[in-house]
Student: 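Can you read through this structure? Questions will come right after.
Below, all heavy atoms of this structure are taken into account, side chains as well, without hydrogens, waters or symmetry copies.
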Amino acid sequence: MDTASLGGLTTSVQGLGCMGMSEAYGTPDWDTSITTIRRAMDLGITMIDTADIYGAGHNEVLVGRAVAGRRDEVQLATKTGIDRSHGDDAWVLRGEPAYIRRSCDTSLLRLGVDHIDLYYLHRPPETVEIEEAVGAMAELVKEGKVRHLGLSAVDGDLLRRAHAVHPITAVQNEYSLWARDLETTVAGAMRELGVGLVAYSPLGQGFLTGSVDMGALEANDARNRLPRFAETANDAIARVVREVAENKGVTAAQVALAWVHSRSERLGVSVVPIPGTKRVKWLEQNIAALEVTLTADDLKTLEPLGDQVVGARF
């Protein structure tokens with residue numbers, strides 16, 4: 001698999017998002033998920049993405065188990081900053097140095113490793129200024145517990161402020177054919193500073209694949225509560241993606257992923273999408289998207305879709 005450089009961190013050009021293996025998308029399946037992570041490694045994926053809140057730590061333990069004995073083959077990315085200890089409806093976005101240090105040590109323990117390759121601040125903190133939070137993360141770099149720092153869901157001003165404290169390697173943000181906010185909020189600062197993009201939910205949480213049956217989702221699937229999924233007007237977006245895919249003899253998921261891969265030149269930054277899945281079948285389909293080339297006509301058809309979305313993401 002080809003590689004990408006994210007602000008000095010070399011990783012596979014496509015990664016694997018692991019959140020859905022532990023929460024949000026139905027009942028977790030430990031064995032199936034570990035098999036999928038290990039198959040991803042076999043196929044050349046090196047960027048494995050998790051966070052301390054996914055499944056209340058379950059996901060970091062799962063990822064650690066999956067990469068055991070193969071640590072040198074991967075770049076492990078995890079996150080700190082969202083405190084759900086008072087319940088899922090009472091999040092606190094934290095960044096105090098003591099909290100970050102404790103979170104990092106706990107993540108290292110769960111993952112079973114001695115360092116984290118890419119450590120993100122999961123959201124801009126409410127409890128301190130971003131400079132203080134990033135300063136604490138920089139101390140972890142000095143100590144060798146962390147190799148590179150990232151931010152998630154920030155705008156250009158916050159990125160510049162953080163980068164002035166310590167170089168930021170990557171910004172992780174939702175980015176897909178139907179979620180393009182970052183193009184106007186942070187992409188300019190990323191180009192200016194040489195920061196890469198790690199794109200989560202590049203398949204629109206499955207919507208762009210055209211395979212999500214809302215009536216068949218498990219009761220605990222978070223998509224049941226997302227306004228954008230409830231808007232039937234958005235079905236036209238999935239239909240266009242499917243039509244482009246049918247004309248090319250590929251799947252809608254592969255077209256949606258190929259579009260994200262194509263954005264690196266347009267944005268002027270390295271782009272590494274991290275589609276998530278629990279199953280080898282979908283993993284292999286996603287990796288095959290790297291062989292899909294979108295023509296100028298394909299891109300012309302897909303480009304307007306972002307302006308046609310109805311409903312909020314959350």
Student: Quick check: is I48 connected to M1 through a chain of hydrophobic side chains (ILVMFWY, heavy atoms under 4.5 Å apart)?
Tutor: yes
Student: Does L203 sit in a hydrophobic cluster with other residues, and if so which ones, taking ILVMFWY side chains as linked at heavy-atom separations under 4.5 Å, directly or through other members?
Tutor: L257
Student: Report the distance from atom CE of M47 to atom CG of L118, rounding to the nearest 0.5 Å.
Tutor: 5.0 Å
Student: Would a 4.5 Å heavy-atom cut-off, applied to side chains only, mark Y119 and T78 as touching?
Tutor: yes
Student: I'd like to know if the side chain of T184 reaches the main chain of D181, judged simply by a donor and an acceptor atom lying under 3.5 Å from each other, with no hydrogens or angles considered.
Tutor: yes
Student: Can a side-chain donor-acceptor contact be found between Y175 and R263 if the only test is distance below 3.5 angstrom?
Tutor: yes
Student: Using 0.5 Å steps for rounding, measure from the CD atom of Q172 to the CG atom of L121.
Tutor: 12.0 Å
Student: Are L149 and V165 co-members of a hydrophobic cluster defined by side-chain heavy atoms under 4.5 Å apart?
Tutor: yes
Student: For the residue pair P97 and E132, what are the closest heavy atoms and their distance?
Tutor: CD-OE2, 3.3 Å
Student: Without swapping roles, check the side chain of E126 against the backbone of L93 for a donor-acceptor pair under 3.5 Å.
Tutor: yes
Student: Does the side chain of R39 come within less than 4.5 Å of D42's, by heavy atoms?
Tutor: yes
Student: Any donor and acceptor pair, going by atom type alone, linking the side chain of T277 with main-chain N or O of W282 inside 3.5 Å?
Tutor: no
Student: May I ask you to decide if I53's main-chain N or O and R84's side chain share a donor-acceptor pair within less than 3.5 Å?
Tutor: yes
Student: Quick one: does any side-chain atom of S270 pair with a main-chain N or O of S5 as donor and acceptor, under 3.5 Å?
Tutor: yes
Student: Near R266 CZ, under 6.0 Å, is it more than 12 heavy atoms from other residues, nucleotides or ligands?
Tutor: no
Student: Check the side chains of D155 and T185 for a donor-acceptor pair under 3.5 angstrom, ignoring hydrogens and angles.
Tutor: no
Student: Shortest non-hydrogen contact from S262 to L299?
Tutor: OG-CD2, 4.0 Å
Student: Between D83 and S85, does any side-chain donor sit less than 3.5 Å from a side-chain acceptor?
Tutor: yes
Student: Side chains of H115 and R71: donor-acceptor distance under 3.5 Å anywhere?
Tutor: yes
Student: Indicate the atoms forming the closest heavy-atom contact of L182 with N173, along with that distance.
Tutor: CD2-CB, 3.8 Å
Student: Would you say that Q205 contacts Y200 through its side chain, given a criterion of any heavy-atom pair below 4.5 Å between the two side chains?
Tutor: no
Student: Report yes or no: do M41 and V280 belong to one cluster of Ile/Leu/Val/Met/Phe/Trp/Tyr joined by side chain heavy-atom distances under 4.5 Å?
Tutor: no
Student: For R38, does the CZ atom sit with more than 12 other heavy atoms under 6.0 Å from it, leaving out its own atoms?
Tutor: yes
Student: Compare all side-chain heavy atoms of R101 with those of L140 and state whether any distance is below 4.5 angstrom.
Tutor: yes
Student: Any side-chain donor-acceptor pair under 3.5 Å between T301 and D298?
Tutor: no
Student: Does L294 belong to the same Ile/Leu/Val/Met/Phe/Trp/Tyr cluster as V13, with side-chain heavy atoms less than 4.5 Å apart forming each link?
Tutor: yes
Student: Are D52 and R110 side-chain neighbours, meaning at least one heavy-atom pair lies under 4.5 Å?
Tutor: yes
Student: For residues W30 and H58, establish whether the separation of their ring centroids is below 6.0 Å.
Tutor: yes
Student: Give the minimum heavy-atom separation between A245 and A252, together with the two atoms involved.
Tutor: CB-N, 3.5 Å
Student: Under 4.5 Å between any side-chain heavy atoms of L177 and I237, yes or no?
Tutor: no
Student: Using 0.5 Å steps for rounding, measure from the CG atom of D157 to the CZ atom of R160.
Tutor: 7.5 Å
Student: Output, in order, the C-alpha distance, side-chain angles, deciding distance and verdict of side-chain contact (heavy atoms from CB on, under 4.5 Å) for H148 and Y120.
Tutor: CA-CA 9 Å; H148 298 267; Y120 291 100; over 6 Å; no
Student: So, taking the atom named OG in S107 and the one named CD1 in I100, what distance separates them when rounded to the nearest 0.5 Å?
Tutor: 11.5 Å
Student: Can you tell me which residue among I34, L111, V74 is in a side-chain contact (heavy atoms from CB on, under 4.5 Å) with V63?
Tutor: L111
Student: Side chains of L159 and L151, heavy atoms from C-beta outward: is any pair under 4.5 Å?
Tutor: yes
Student: Within the distance-only criterion (no hydrogens, no angle test), does the side chain of S264 pair as donor or acceptor with the backbone N or O of V269 below 3.5 angstrom?
Tutor: yes
Student: Could you tell me the separation between the CD atom of E60 and the OG1 atom of T106, rounded to the nearest 0.5 Å?
Tutor: 8.5 Å
Student: Grab the two heavy atoms, one from S12 and one from V272, that are nearest each other, plus how far apart they are.
Tutor: O-CG1, 3.6 Å
Student: Output, in order, the C-alpha distance, side-chain angles, deciding distance and verdict of side-chain contact (heavy atoms from CB on, under 4.5 Å) for D235 and F207.
Tutor: CA-CA 9 Å; D235 293 344; F207 186 88; 3.9 Å; yes
Student: Between atom CG of L302 and atom CD of E243, what is the distance when rounded to the nearest 0.5 Å?
Tutor: 10.5 Å
Student: Mind running side-chain contact (heavy atoms from CB on, under 4.5 Å) on I37 and C18 for me, showing each step along the way?
Tutor: CA-CA 8 Å; I37 295 171; C18 297; 4.2 Å; yes
Student: Quick one: do the T127 and E96 side chains pair a donor with an acceptor below 3.5 Å?
Tutor: yes
Student: Around atom CZ of R161, are there more than 12 heavy atoms of other residues, nucleotides or ligands at under 6.0 Å?
Tutor: yes
Student: Is the side chain of K248 donor-acceptor paired with the backbone N or O of T293 at a distance under 3.5 Å, no angle test?
Tutor: yes
Student: Answer yes or no: is there a side-chain heavy-atom contact under 4.5 Å between L290 and H261?
Tutor: yes
Student: Identify the heavy atoms of T36 and M21 that sit nearest to each other, and give their distance.
Tutor: CG2-CE, 4.2 Å
Student: In this structure, are over 12 heavy atoms from other groups packed under 6.0 Å from E284 atom CD?
Tutor: yes
Student: Donor-acceptor pair, distance only, cut-off 3.5 Å: does the side chain of Q254 make one with the backbone of Q285?
Tutor: yes
Student: Between K145 and D105, is there a side-chain N and carboxylate O pair less than 4.0 Å apart?
Tutor: yes
Student: Working note: W91 + R123, criterion side-chain contact (heavy atoms from CB on, under 4.5 Å); need CA distance, chi angles, decisive distance, verdict.
Tutor: CA-CA 11 Å; W91 291 17; R123 290 292 186 272; 5.7 Å; no
Student: Donor-acceptor pair, H163 side chain versus I168 backbone, under 3.5 Å?
Tutor: yes
Student: Is the backbone of G204 close enough, under 3.5 Å, to the side chain of E174 for a donor and an acceptor to pair up by distance?
Tutor: no
Student: Decide whether T46 and Q75 meet the rule of one side-chain donor and one side-chain acceptor closer than 3.5 Å.
Tutor: yes
Student: Hey, any chance L193 and L197 share a hydrophobic cluster, counting ILVMFWY side chains that come within less than 4.5 Å of each other, even indirectly?
Tutor: yes
Student: Which residue is it: L283, D49, I274? I am looking for the one with a side-chain contact (heavy atoms from CB on, under 4.5 Å) to L16.
Tutor: L283
